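Below is one structure, written out as structure tokens, with a few remarks after it.
For clarity, every value in this text was computed on a predicted model and none was experimentally measured. Computed from heavy atoms alone, side chains included, the values below leave out hydrogens, waters and symmetry copies.
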Amino acid sequence: MFQSLIENNKARTQIQIMAQYLNTSFMISTIEDEYLVNIEKGIVTNVQKGPFVMPCYIFKLTASKKEWLKFLQATPLPGSHDIIAMLRRKVLKFEGNLHPLMSHLLYFKLLLASLDHWSLKKVKIEKEPITGQYGKFNIDGVPHRIYWEEAGEGIPLVCLHTAGSDGRQYRALLNDKKLLKKFRVIVFDMPWHGKSSPPENSQVGHYKLSTESYISQIMSFIDGLELVKPVVMGCSIGGRIILHLAIHFPEKFRALIGLQSAGHIDPYYDISWLHRQDVHGGEVCGGIAYGLMAPTSPDNDKFETMWHYMQGGPGIFKGDLFFYKFDGNIGNEIKKLIIQYVQFIC
């Protein structure tokens with residue numbers, strides 16, 4: 001299967017462009033067997049099967065044959081669908097100089113994935129019901145120029161996007177005819193994200209999202225649009241802040257919906273890769289996002305979602321994860337509430 005990388009790569013000129021300046025060699029190990037892969041200007045030129053006496057390579061990916069076979073299935077199971085997911089499960093080991101891998105993460109993911117499922121298809125252009133608008137909002141006493149989109153009528157449904165991306169993630173909800181009959185779907189780009197601007201006198205490299213500032217953004221936006229007890233839905237960092245809103249401000253909302261709404265998550269990769277001058281931040285962020293989407297997701301939607309992540313500003317994804325991994329950790333508080341609830345019902 002690994003030796004088929006040459007033919008697969010030849011037929012995929014779109015991913016070769018992503019690594020047109022990449023010249024490297026890496027080893028794929030199944031523990032029982034080893035494969036040395038040579039790449040020149042983004043093209044796989046040779047795949048050689050071991051055994052080797054003194055192989056020369058830059059980095060190495062090692063997993064058991066069983067785990068690689070899970071990864072290479074047409075529809076791999078969650079946790080086996082992506083090399084970062086395999087790293088998190090501790091069934092895949094990265095060794096050597098990881099700079100070529102991390103600086104071309106999306107390229108290597110697409111190269112190793114079932115590439116026959118990756119295609120760029122033309123999407124039919126049609127008029128959508130979405131309208132967009134800018135407005136000045138006062139957040140913690142500082143004026144912010146915020147962009148939002150909306151569609152539909154009825155109950156306000158405010159949607160919160162994920163780390164490093166923007167409101168375009170909710171494009172499907174903004175076009176859902178059935179949903180729009182009952183809900184006014186509203187999606188805003190957080191400051192520093194999408195079409196929203198950073199606050200005045202900001203500097204690159206100093207962005208860190210805190211729980212307090214995140215709540216202020218949401219409440220300022222809701223108050224600015226004069227929304228009365230809206231439904232608020234968030235995903236990832238948006239799902240995490242939903243927990244904070246539910247615990248501390250439940251009376252202000254009609255309903256709160258958390259997606260991927262973990263109260264705590266242990267770190268499983270080094271987020272410093274997300275903002276380095278020697279690594280293309282947009283591409284590595286797109287590579288991270290690629291592994292968070294199901295292998296069965298439509299190819300067009302997967303590519304568009306990755307593109308949104310690739311357009312994020314320098315250090316923004318990393319700054320958002322400061323909230324998700326550190327400042328916004330609410331796991332212990334949730335545990336206390338659960339214990340109190342259990343004691344109450346008992």
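Under the 4.5 Å side-chain heavy-atom criterion for grouping Ile, Leu, Val, Met, Phe, Trp and Tyr, Phe183 is not connected to Val232 through any hydrophobic cluster. Follow the hydrophobic side-chain contacts under 4.5 Å out from Leu259 and you reach Leu174 in the same cluster. Both Met219 and Leu160 are assigned to one and the same hydrophobic cluster, defined by single-linkage of ILVMFWY side chains at heavy-atom distances under 4.5 Å. The hydrophobic cluster containing Ile237 also contains Phe253, counting ILVMFWY residues as joined when their side-chain heavy atoms lie under 4.5 angstrom apart, directly or transitively. Met233 and Val158 fall into different hydrophobic clusters, where Ile, Leu, Val, Met, Phe, Trp and Tyr side chains are chained together by heavy-atom contacts under 4.5 Å.
Using a 4.5 Å cut-off on side-chain heavy atoms (C-beta onward), Gln169 and Val187 make no contact. Side-chain atoms of Met102 and Leu105, non-hydrogen and from C-beta on, do get closer than 4.5 Å to each other. Looking only at side-chain heavy atoms (C-beta outward), Leu112 and Ile28 come within less than 4.5 Å of each other. Looking only at side-chain heavy atoms (C-beta outward), Arg171 and Asp301 come within less than 4.5 Å of each other. Taking 4.5 Å as the limit, some side-chain heavy atom of Leu274 sits within range of a side-chain heavy atom of Cys285. Side-chain contact between Asn97 and Phe59: absent, with no pair of heavy atoms (C-beta onward) separated by less than 4.5 Å. Annotation: side chain of Leu111 is not in contact with side chain of His104 (no heavy-atom distance under 4.5 Å). Side-chain contact between His99 and Ile58 is absent, with no heavy-atom pair separated by less than 4.5 Å.
More than 12 non-hydrogen atoms from other residues, nucleotides or ligands lie less than 6.0 angstrom from NZ of Lys229. Heavy-atom contacts from other residues, nucleotides or ligands closer than 6.0 Å to CD of Glu212 number 12 or fewer. More than 12 non-hydrogen atoms from other residues, nucleotides or ligands lie less than 6.0 angstrom from NZ of Lys325. The environment of CD in Glu32 is crowded: more than 12 heavy-atom neighbours from other residues, nucleotides or ligands sit within 6.0 Å. Counting heavy atoms of neighbouring residues, nucleotides and ligands inside a 6.0 Å radius, atom CD of Glu95 exceeds 12 of them.
With 3.5 Å as the limit, one finds a donor-acceptor pair spanning the side chains of His264 and Asn329. No side-chain N or O of Thr45 forms a donor-acceptor pair with one of Asn38 less than 3.5 Å apart. At a cut-off of 3.5 Å, with distance as the only test, no side-chain donor of Gln20 or Tyr107 sits close to an acceptor on the other residue.
Cation-pi contact between Lys208 and Phe322: present, with separation from the ring centre below 6.0 Å and deviation from the ring axis of at most 45°.
Of all heavy-atom pairs spanning Ile83 and Leu92, the tightest one is O-CD2, 3.5 Å. In terms of heavy atoms, Ser213 sits closest to Asp140 at CA-OD2, 4.1 Å. The two residues Tyr134 and Arg145 come nearest to each other via the heavy atoms CE2-NH1, 3.5 Å. What you find for Asp189 and Ile146 is that their closest heavy atoms are O-CG2, 3.7 Å. Shortest non-hydrogen contact noted between His144 and Pro199 is NE2-CB, 3.5 Å. In plain terms, the two heavy atoms of Ser261 and Ile242 that are nearest each other are OG-CB, 4.5 Å.
Going from atom CE of Met18 over to atom CG of Leu106 covers 3.5 Å, rounded to the nearest 0.5 Å. Separation of atoms NE2 (His81) and CE (Met86) is listed at 11.0 Å; rounding is to 0.5 Å. Of the inter-residue distances, the one linking Ser165 atom OG with Met190 atom CE reads 11.0 Å to the nearest 0.5 angstrom. Distance check: Tyr57 OH to Ser25 OG gives 9.5 Å after rounding to the nearest 0.5 Å. Note that the CZ atom of Phe249 and the CD1 atom of Ile215 stand 5.0 Å from one another [nearest 0.5 Å]. Atom OG of Ser103 sits about 7.0 Å away from atom CG of Leu22, to the nearest 0.5 Å.
Without hydrogens or angle criteria, Thr211 side chain to Asp327 main chain gives a donor-acceptor distance under 3.5 Å. With hydrogens and angles ignored, the 3.5 Å screen pairs a side-chain donor or acceptor of Ser29 with a backbone N or O of Ile31. Between the Asn23 side chain and the Lys41 main chain, a donor and an acceptor come within less than 3.5 Å of each other. Between the side chain of Asp320 and the backbone N or O of Gly164 there is at least one donor-acceptor pair closer than 3.5 Å.
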Run the side chain to side chain contact (heavy atoms under 4.5 Å, CB included) check on Ile155 and Leu157 step by step: do they pass?
CA-CA 6 Å; Ile155 301 168; Leu157 171 59; over 6 Å; no

### Task
Check the pair Lys49, Asp33 against side chain to side chain contact (heavy atoms under 4.5 Å, CB included), reporting the backbone distance first and the verdict last.
CA-CA 7 Å; Lys49 184 179 179 181; Asp33 297 305; 3.8 Å; yes

task: Assess whether ring pair (Phe, Tyr, Trp, His ring centres under 6.0 Å) is satisfied between Trp148 and Phe137, documenting all intermediate values.
output: CA-CA 12 Å; Trp148 75 93; Phe137 294 82; 5.7 Å; yes

| request: List the steps and the verdict of side chain to side chain contact (heavy atoms under 4.5 Å, CB included) for Leu225 and Gln133. | output: CA-CA 12 Å; Leu225 265 59; Gln133 190 172 348; over 6 Å; no

| task | Dump the intermediate steps for side chain to side chain contact (heavy atoms under 4.5 Å, CB included) on Tyr170 and Val185, then the final yes or no. | result | CA-CA 9 Å; Tyr170 287 97; Val185 181; 5.6 Å; no

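Salt bridge present: Lys60 and Glu34 bring a charged side-chain N and a carboxylate O closer than 4.0 Å. A salt bridge between Glu67 and Arg89 is present, with a side-chain N of the basic residue lying under 4.0 Å from a carboxylate O of the acidic one.
Using bins of under 30°, 30° to 60° and over 60° for the plane-to-plane angle, the ring pair Trp192/Tyr207 lands in the tilted bin. Ring geometry for Phe26 versus Phe108: interplanar angle over 60°, hence perpendicular rather than tilted (30 to 60°).
A ring-ring contact (aromatic ring centres under 6.0 Å, His included) with Tyr214 holds for exactly one of Tyr324, Phe323, Phe221; it is Phe323.
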